[in-house]
Amino acid sequence: MRAGKTNYLRVHMAQLRRKLEDDPAHPRYLITEPGMGYRVEA
């Protein structure tokens with residue numbers, strides 16, 4: 001069950017990156033913190 005929820009979060013973050021980032025493959029604002037989660041850079 002947890003893996004399914006993780007996938008929803010990854011999909012949502014990818015959609016946000018496509019909308020907000022200049023280059024979604026190299027994000028500047030929505031940063032992934034391995035083992036922790038996500039961080040917003042200003």
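Taking OH of Tyr38 as the start and CZ of Arg17 as the end, the distance is 6.0 Å to the nearest 0.5 Å.
A 4.5 Å side-chain heavy-atom check between Thr32 and Arg10 finds every atom pair outside the cut-off.
In this view, Arg18 satisfies the salt bridge (charged side-chain N to carboxylate O under 4.0 Å, His left out) rule with no residue, not counting sequence neighbours.
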Let me check something: any side-chain donor-acceptor pairs from residues 23-30 under 3.5 Å, sequence neighbours excluded? List them with distances.
residue : atom : partner : partner atom : Å
Asp23   : OD1  : Ala25   : N            : 3.3
Asp23   : OD2  : His26   : ND1          : 2.9

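When hydrophobic clusters are built by joining Ile, Leu, Val, Met, Phe, Trp and Tyr residues whose side-chain heavy atoms come closer than 4.5 Å, directly or via intermediates, Ile31 is not grouped with Leu9.
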